[in-house]
Colleague: 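What follows is a structure written as structure tokens; I'll ask about it next.
Whatever order the structure lists them in is the order used to number ligands and atoms, beginning at 1.
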Amino acid sequence: MLKTLPKDFMFGGATAAYQAEGATKEGGKGPVAWDEFLKKQGRFSPDPASDFYHKFEEDIKLCEKFSIDSIRVSIAWTRIFPNGVGEVNKEGVEFYHRVFAECAKRNVTPFVTLHHFDTPKNLFDNGDFLNRETIDAFVKYAEFCFNEFKEVRYWSTFNEIYPVATNQYLLGVFPPGIKFDFTKIIQCLHNMMLAHAMTVNLFKEGNYPGEIGVVHSLETKYPASDSEEDKRAAFLEDALSIRFLLDATYLGYYSDETMEAINYICKSNNATYDFKDEDFEIMKKAANRNDYLGINHYQCHFIKAYDGESMIHHNGTGDKGSSVYRVKGIGERIYREDLPRTDWDWLIYPEGMYDILMRIKNDYPNYNKIYITENGMGYKDEFEDGIIMDKPRIDYVKVYLEAISDAIADGVNVKGYFIWSLMDLFSWTNGYNKRYGLFYVDFETQKRYPKESAYWYKTVSETKTII
Ligand code: BGP
């Protein structure tokens with residue numbers, strides 16, 4: 001029998017400002033670290049990306065046409081405050097009002113993220129979230145948005161705190177390109193969770209209308225074997241990437257088990273951290289105030305014990321089999337040759353989605369409700385005279401939606417799903433050959449073409465039946 005989803009289940013498409021808008025030097029926008037980082041790398045440019053800055057009306061109209069009832073967008077902080085703080089850029093403010101007005105006109109609900117990897121350059125250069133001044137600047141920016149964009153009902157503070165910390169300070173594939181620095185990783189995780197908590201408290205104490213949550217990347221970890229060593233390795237990787245953030249979000253402190261793992265990882269990597277007592281007072285206050293949790297989930301990892309030096313190769317090209325991930329004090333990610341994976345070595349294993357959902361229900365019962373804010377398949381789509389048959393993407397989304405349907409049947413309160421991505425976008429470390437969209441973008445002409453998956457998604461959204 002075909003699996004179904006609840007009648008009020010939302011079907012959305014996800015985007016992010018820097019990956020969709022282009023126009024990085026237009027409309028009074030201030031700089032972000034990525035501008036310079038990408039220029040130096042010389043691999044690809046963030047302009048014009050999908051030119052959402054000029055084409056948002058067309059994209060939102062496509063949502064309506066294809067029964068996509070919600071869209072995830074992020075506000076580019078530097079369109080509002082070009083320097084991160086201080087003077088407001090009216091043109092940027094107007095741009096987002098126009099985007100939200102178009103959403104209202106087309107009956108598409110916007111889910112708005114305040115920070116999707118794009119801290120203003122000057123704050124970034126002063127340490128990004130390692131510097132507590134950035135926390136204060138972020139909260140002020142959030143407050144401005146809450147007061148200004150009264151038409152928004154769904155707010156997320158951050159997109160993917162764990163990938164921010166690790167891509168910036170472990171893999172070094174995001175600016176500032178630092179590798180294996182666990183002091184920075186752990187402090188960044190903590191400080192961003194503190195900024196989240198401060199923002200949630202402000203939102204609730206200010207009685208703003210609507211809902212607020214955070215979007216976490218939660219990639220389920222499994223031991224590579226039943227050995228005690230592999231189980232320990234999986235536990236350590238889980239503690240850093242999942243438990244640490246969920247404890248911060250829903251307990252407002254880190255449990256003893258979580259801290260045992262963090263201390264072990266720190267010891268192995270000569271790292272230290274600085275958590276202040278008053279941080280936990282703020283975090284505890286926020287812990288029961290999250291209206292929802294956004295989960296980004298694409299893949300899971302099987303972890304084997306590893307006690308050598310750290311060694312990572314990030315597959316940012318789609319050369320299948322090129323990923324290497326071995327981290328001192330944690331473990332090694334292995335391929336399971338019996339499981340399918342994408343050209344970027346992302347394991348397709350929908351049980352990972354089911355398991356993470358059940359775990360949240362069991363371990364953090366105050367989660368309220370969940371939206372899957374990102375899931376989808378990076379694929380080298382083939383374009384033939386305007387026809388894009390992306391069957392592998394349909395197969396991927398189908399099994400993940402089925403896992404969500406199973407979790408709902410088993411009592412998890414999941415209210416919606418956003419495919420990553422609405423249209424093809426710019427990918428931070430992969431550029432333009434890793435496509436995710438329901439709509440193909442010819443980046444030369446900026447013309448949109450619905451893929452086979454867009455038609456399939458439309459039927460699923462309308463019938464709530466996973467065909
Ligand atoms: C998430 C990010 C997105 C998006 C997506 C796909 O981590 O929130 O911004 O990029 O992953 O990742 P990638 O583009 O690296 O394939």
Colleague: According to the interplanar angle, ranging from 0 to 90°, do the rings of Y141 and F81 count as parallel (below 30°), tilted (30 to 60°) or perpendicular (above 60°)?
Modeller: perpendicular
Colleague: Pull out every atom of ligand 1 sitting under 4.0 Å from any heavy atom of H116, numbered as shown with elements.
Modeller: 2 (C), 3 (C), 8 (O), 9 (O)
Colleague: Quick check: are there more than 12 heavy atoms from other residues, nucleotides or ligands sitting under 6.0 Å from NZ of K140?
Modeller: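 12 or below, so no.
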Colleague: Just to confirm my output: which protein heavy-atom neighbour is closest to atom 7 (O) of ligand 1, and how far is it?
Modeller: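 Of every protein heavy atom, E160 OE1, 2.4 Å lies nearest to atom 7 (O) of ligand 1.
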Colleague: Numbering the atoms of ligand 1 from 1, which are under 4.0 Å from a heavy atom of K434?
Modeller: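 Result: 13 (P), 16 (O).
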Colleague: Suppose we measure from atom 6 (C) of ligand 1 to each protein heavy atom; which comes out shortest, and what is that distance?
Modeller: Y436 OH, 3.5 Å
Colleague: For atom 2 (C) of ligand 1, find the nearest protein heavy atom and state the residue, atom name and distance (0.1 Å precision).
Modeller: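 Among all protein heavy atoms, the one nearest atom 2 (C) of ligand 1 is E374 OE1, 3.4 Å.
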Colleague: Between OH of Y436 and CH2 of W420, what distance do you get to the nearest 0.5 Å?
Modeller: 9.0 Å
Colleague: Kindly list each side-chain donor-acceptor pair under 3.5 angstrom involving residues 157-164, sequence neighbours excluded, with atom names and distances?
Modeller:
{"unit_1": "T157", "atom_1": "OG1", "unit_2": "H196", "atom_2": "ND1", "d": "2.7"}
{"unit_1": "N159", "atom_1": "OD1", "unit_2": "R72", "atom_2": "NH2", "d": "2.9"}
{"unit_1": "N159", "atom_1": "OD1", "unit_2": "N296", "atom_2": "ND2", "d": "3.1"}
{"unit_1": "N159", "atom_1": "ND2", "unit_2": "H116", "atom_2": "NE2", "d": "3.0"}
{"unit_1": "E160", "atom_1": "OE2", "unit_2": "N296", "atom_2": "ND2", "d": "2.9"}

Colleague: How far is atom 9 (O) of ligand 1 from its nearest protein heavy atom, and which residue and atom is that?
Modeller: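 Here the closest protein heavy atom is Q19 OE1, 2.6 Å.
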Colleague: Specify side chain, backbone, both or neither for W420, according to which of its non-hydrogen atoms lie closer than 4.0 Å to ligand 1.
Modeller: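 Side chain only; the backbone of W420 stays clear of ligand 1.
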Colleague: Any N or O of T429 that comes nearer than 3.5 Å to an N or O of ligand 1?
Modeller: no
Colleague: What residue and heavy atom of the protein are closest to atom 13 (P) of ligand 1, and at what distance?
Modeller: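 The closest heavy atom on the protein side is S427 OG, 3.5 Å.
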Colleague: Can you pull out the closest protein heavy atom to atom 15 (O) of ligand 1? Residue, atom name and distance to 0.1 Å, please.
Modeller: N430 ND2, 3.2 Å
Colleague: Please report whether ligand 1 has a polar contact with W346, defined as an N or O pair separated by less than 3.5 Å (distance criterion only).
Modeller: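 No.
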Colleague: What heavy-atom pair brings G22 and R79 nearest, and what distance separates the two atoms?
Modeller: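 For G22 versus R79, the nearest heavy atoms are O-NH2, 3.3 Å.
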Colleague: Would you say the rings of F95 and Y53 are close, in the sense that their centroids are separated by under 6.0 Å?
Modeller: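 Ring centroids of Y53 and F95 are less than 6.0 Å from each other.
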Colleague: Considering only non-hydrogen protein atoms, determine which one is nearest to atom 5 (C) of ligand 1 and report residue, atom name and distance to 0.1 Å.
Modeller: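 Among all protein heavy atoms, the one nearest atom 5 (C) of ligand 1 is Y298 OH, 3.3 Å.
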Colleague: Output all residues satisfying salt bridge (charged side-chain N to carboxylate O under 4.0 Å, His left out) with D247, sequence neighbours left out; order by chain, then residue number.
Modeller: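 Applying salt bridge (charged side-chain N to carboxylate O under 4.0 Å, His left out) to D247 gives none.
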Colleague: Taking the ring centre of each residue, are F439 and F66 less than 6.0 Å apart?
Modeller: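 F439 vs F66: aromatic centres under 6.0 Å.
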